[in-house]
Each structure stands twice: as structure tokens, then as C-alpha cells.
There are 2 protein chains.
Amino acid sequence: MKFTPSEQEELLFLFKTLSNQLGPKFERNTQFSLSRIELLYQLVQSDEMSQSTLQKSVNIDHAAITRHLKQLEADGLVSRRRNPHDNRETIVQITEEGYRQIMNCQKDKLSFANRMFHEINDVELRSLMDMLKRIQENIKDF
Amino acid sequence: MKFTPSEQEELLFLFKTLSNQLGPKFERNTQFSLSRIELLYQLVQSDEMSQSTLQKSVNIDHAAITRHLKQLEADGLVSRRRNPHDNRETIVQITEEGYRQIMNCQKDKLSFANRMFHEINDVELRSLMDMLKRIQENIKDF
DNA sequence: GGTCAATGTTTGACGCCTCAATAATATATA
DNA sequence: TATATATTATTGAGGCGTCAAACATTGACC
């Protein structure tokens with residue numbers, strides 16, 4: 001009647017559970033959701049970019065990107081305008097205020113990450129990253 | 001103007017991204033969401049249990065549990081009744097049909113996990129699991 | 001120029017999650 | 001017994017994600 005789970009299955013569940021817990025906790029500690037931080041972060045790196053390139057760099061669905069950016073724009077953290085050379089594109093740029101706020105929460109973000117990876121050393125961290133990237137590659141075209 | 005992300009930050013984002021991709025892909029391959037599979041799986045293990053103990057074992061919010069079980073009940077995969085000895089509790093049990101279906105998708109689930117962890121060996125798997133558990137412990141009371 | 005396919009954005013529908021508030025029941029205690 | 005407290009389940013509101021459909025614009029080709 002019973003059946004024991006393979007380690008792989010266990011890992012799959014653990015992975016999902018952990019990630020579900022991570023999001024809300026992160027947000028409570030930094031005032032920004034992981035996705036918004038990542039978006040703003042990309043915009044700091046590249047100063048300005050189209051929504052579609054932004055989408056590709058963070059791997060979130062187009063629709064979600066649109067909604068995030070609309071909200072970030074409403075909050076004054078981001079500005080958007082049409083690309084004059086190609087009116088289909090929307091070019092996004094971080095504002096002064098956006099820059100200020102993301103810098104402001106750097107500290108909290110780092111502290112969160114530090115506690116999250118507490119007592120996990122660099123070698124382990126590297127191997128963790130490596131495995132996650134391989135997994136991502138493995139499931140790419142499911 | 002720019003700032004380079006720490007490895008920890010990168011990992012944090014990678015983790016979230018990967019997990020976001022995992023859910024939908026899993027569901028496309030098995031007909032069940034990760035959460036529903038996990039719930040049914042628990043019910044196979046324990047034959048019958050109260051919602052609150054079920055909740056504790058899968059680490060999902062009470063509210064989500066209620067909604068999942070209502071739907072699973074509507075689908076005929078699960079039966080629910082009040083505990084006669086404590087009318088606050090709802091006792092949940094998997095049905096024949098539920099058992100049939102979860103057994104039926106075992107194959108797909110295993111095949112998914114296999115491809116997902118392709119070329120990641122047992123030692124690595126063990127260490128991955130270990131790290132995830134430590135992280136979970138680390139963020140427990142954020 | 002007119003048509004057609006590709007590209008980029010937006011919207012709607014819907015799933016899953018969390019948190020907070022409510023309701024029902026059980027338990028402890030004055 | 002009456003009242004306060006704790007436990008369990010439910011509901012409502014709202015965030016974030018996906019997919020699919022609609023729309024505008026561009027570019028290629030006749």
C-alpha cells in the first residue's frame with residue numbers, strides 16, 4: 001500500500017517548499033519582492049533596456065513583466081517610453097528614486113542572503129550554483 | 001554606477017527562477033501540480049489524517065490546503081469528514097480513484113525527476129538535499 | 001502600395017501562495 | 001455553569017506566475 005519516495009522526488013518537493021517559503025520571507029526583510037529587486041537590479045546594470053530584453057534576462061513571463069513595470073512606474077521607480085526607432089518596443093529606465101531605493105535595500109538583501117546561506121561555505125555555494133544551473137539546463141525544453 | 005552581485009545574491013535569484021520554471025513544467029508532464037501530488041502522496045502514506053497534520057507535513061498555508069482539498073474532493077480523489085471525537089477537525093482520506101490516479105502518474109513523476117537530475121550523481125544529490133535542508137533551517141524564523 | 005509573417009506589449013482568465021479576519025468547537029478555569 | 005483561551009477550518013483580499021488571445025508596428029515580398 002505504501003511506497004517510499006526516491007531521493008529525487010524528495011528533493012523535488014523540498015525544492016518547491018523551500019522556494020515557497022523564501023519569497024515571502026525575503027519580501028518581509030527587504031520591502032521588495034525578489035522579482036522586483038531583480039528587475040531593478042538589471043536596470044541598474046544596463047541603465048536602459050527594452051521590456052523584451054529585460055524579460056529575457058530575468059526569465060519571467062512577458063505578462064508579469066508588463067504588470068511589474070506598470071506598478072514600478074506608478075511608484076516612480078522606473079520610467080517607460082516608446083522606442084522612437086521601433087514603436088513596438090517600450091524602453092525602461094530606472095529613476096533617481098528607483099536607484100536610491102534599490103541602493104537603500106542593498107544592506108537588507110545582503111544580510112538576508114548571509115543568514116540564508118549561513119554556514120554554507122564557498123565551495124558548497126559554488127557546487128550548489130553549479131547544480132542549479134545544470135538542472136535549469138536539463139529542464140529547459142520540457 | 002554599477003555593482004556586481006555577490007554569489008549569494010546570484011544564487012538567490014537563480015533559485016527563485018528555477019523554481020518558477022519547475023512548477024509549470026512538472027504539471028505539464030504529470031497532470032498534477034507539485035502541491036497536489038505531495039498532498040495525495042502524504043495521504044497514501046498515512047491512509048487518513050486531519051487537515052492540520054497534513055498541513056504541517058507539507059508546509060503550505062492552511063488556506064491553500066483547504067482549497068486544494070475541496071477541489072480534490074470535488075474531483076473524487078479524496079474524501080473528507082468531520083472527526084466525531086473532535087468536531088473541529090476534518091479527516092481526509094484518499095479514495096480508490098485517487099489512489100489509482102496517483103499510482104498512474106508515478107511513472108511520469110519519476111521520469112520527470114530523472115530527466116531533471118540527469119547527470120547529477122548520488123553524492124551530489126545527497127549534498128544538494130543536505131544544503132537545502134540547512135537553508136530551510138536557516139530561514140525558519142525569518 | 002498591399003499583404004503576410006514576425007515581433008513586442010497588453011489584457012483576461014485562472015492557479016497557487018500568503019496573511020488576516022471569522023466561525024465553530026474544545027478545553028481550562030473561576 | 002459561565003467565561004476566556006486555544007485550535008481547526010474557512011473565506012476574502014491581494015501578490016505573483018502562466019498561457020492564450022488581441023493589438024500595434026515593422027519588415028519582407030509580390
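In this text the structure is predicted, and so the values were computed from the model without any measurement. Order of the sequence lines sets the chain letters (A, B, ...), proteins ahead of strands, with each chain counted from 1.
- Phosphate proximity of dC16(C) to S35(B): absent, as no side-chain N or O sits under 4.0 Å from OP1 or OP2.
- Looking at K25(B) and F112(B), their side chains come closer than 4.5 Å, going by heavy atoms from C-beta outward.
- If you take CD1 of I65(A) and P of dG17(D), they are 8 Å apart, rounded to a whole angstrom.
- A straight line from CD1 of I60(B) to P of dA9(D) spans 15 Å, rounded to a whole angstrom.
- Nearer to the 5' terminus of DNA chain C, by closest-nucleotide assignment, is the contact made by K70(A) (compared with the other of K70(A) and Q21(A)).
- Within 3.5 Å, a donor on the side chain of R67(A) pairs with an acceptor on the base of dT18(D), or the reverse.
- Taking the six-membered ring where the residue is Trp, the centroids of F15(A) and F15(B) are separated by under 6.0 Å.
- Taking 4.0 Å as the cut-off between side-chain N and carboxylate O, E119(A) and R134(B) do not count as a salt-bridged pair.
- The residue among T90(B) and N83(A) whose nearest nucleotide of DNA chain D is located toward the 5' end is T90(B).
- Rounded to whole Å, atom P of dC16(D) lies 6 Å from atom CD of E27(A).
- Within 4.0 Å of T66(B), counting heavy atoms only, lies at least one base atom of the nucleic acid.
- Nucleic acid contact class of D61(A) (heavy atoms, under 4.0 Å, all strands): base.
- Taking CD from E48(A) and CG from L43(A), the interatomic distance works out to 10.0 Å, rounded to the nearest 0.5 Å.
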From CA spacing to verdict: salt bridge (charged side-chain N to carboxylate O under 4.0 Å, His left out), E73(A), K70(A): CA-CA 5 Å; E73(A) 186 180 35; K70(A) 278 178 108 161; over 6 Å; no
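- Evaluation of atom-type donor-acceptor distances gives no pair under 3.5 Å for the side chain of R88(A) against the base of dT9(C).
- In the set dT11(C), dT26(D), dT25(C), dT25(C) carries the atom at the smallest distance from any side-chain atom of N87(B).
- Screening H68(B), K56(B), R80(B) for a side-chain hydrogen bond (donor to acceptor under 3.5 Å, both in side chains) with Q51(B), the sole residue that qualifies is R80(B).
- An OP1 or OP2 oxygen of dG8(C) is reached within less than 4.0 angstrom by no side-chain nitrogen or oxygen of S50(A).
- With hydrogens and angles ignored, no donor-acceptor pair closer than 3.5 Å exists between the side chain of R36(A) and the base of dG15(D).
- The separation between Q51(B) atom CD and dA23(C) atom P is 19 Å, rounded to whole Å.
- Between the C1' atom of dC16(D) and the CG atom of L69(A) lies a distance of 14 Å, rounded to the nearest Å.
- Residue contacts shown for N20(A) are limited to sugar-phosphate atoms, with no base heavy atom under 4.0 Å away.
- If you measure from atom CD of Q55(A) to atom P of dT7(C), you get 14 Å, rounded to the nearest angstrom.
- The distance from atom CG of N59(B) to atom C1' of dC16(C) is 15 Å, rounded to the nearest whole Å.
- Taken over five-pair windows at either terminus, the axes of the helix from dG1(C)-dC30(D) to dA30(C)-dT1(D) are inclined to one another by 10° (rounded to 10 degrees).
- Within the 4.0 Å cut-off from OP1 or OP2 of dC19(D), at least one side-chain nitrogen or oxygen of R28(B) is found.
- Side-chain nitrogen and oxygen atoms of H62(B) include none within less than 4.0 Å of the OP1 or OP2 phosphate oxygen of dT11(D).
- Ring geometry for F13(A) against Y41(B) counts as tilted: the plane angle lies between 30° and 60°, on a 0 to 90° scale.
- Nucleotide dT10(C) holds its P atom 12 Å from the CD atom of E89(A), rounded to whole Å.
- Distance alone, capped at 3.5 Å, is enough to place a donor-acceptor pair between the Q55(A) side chain and the I60(A) backbone.
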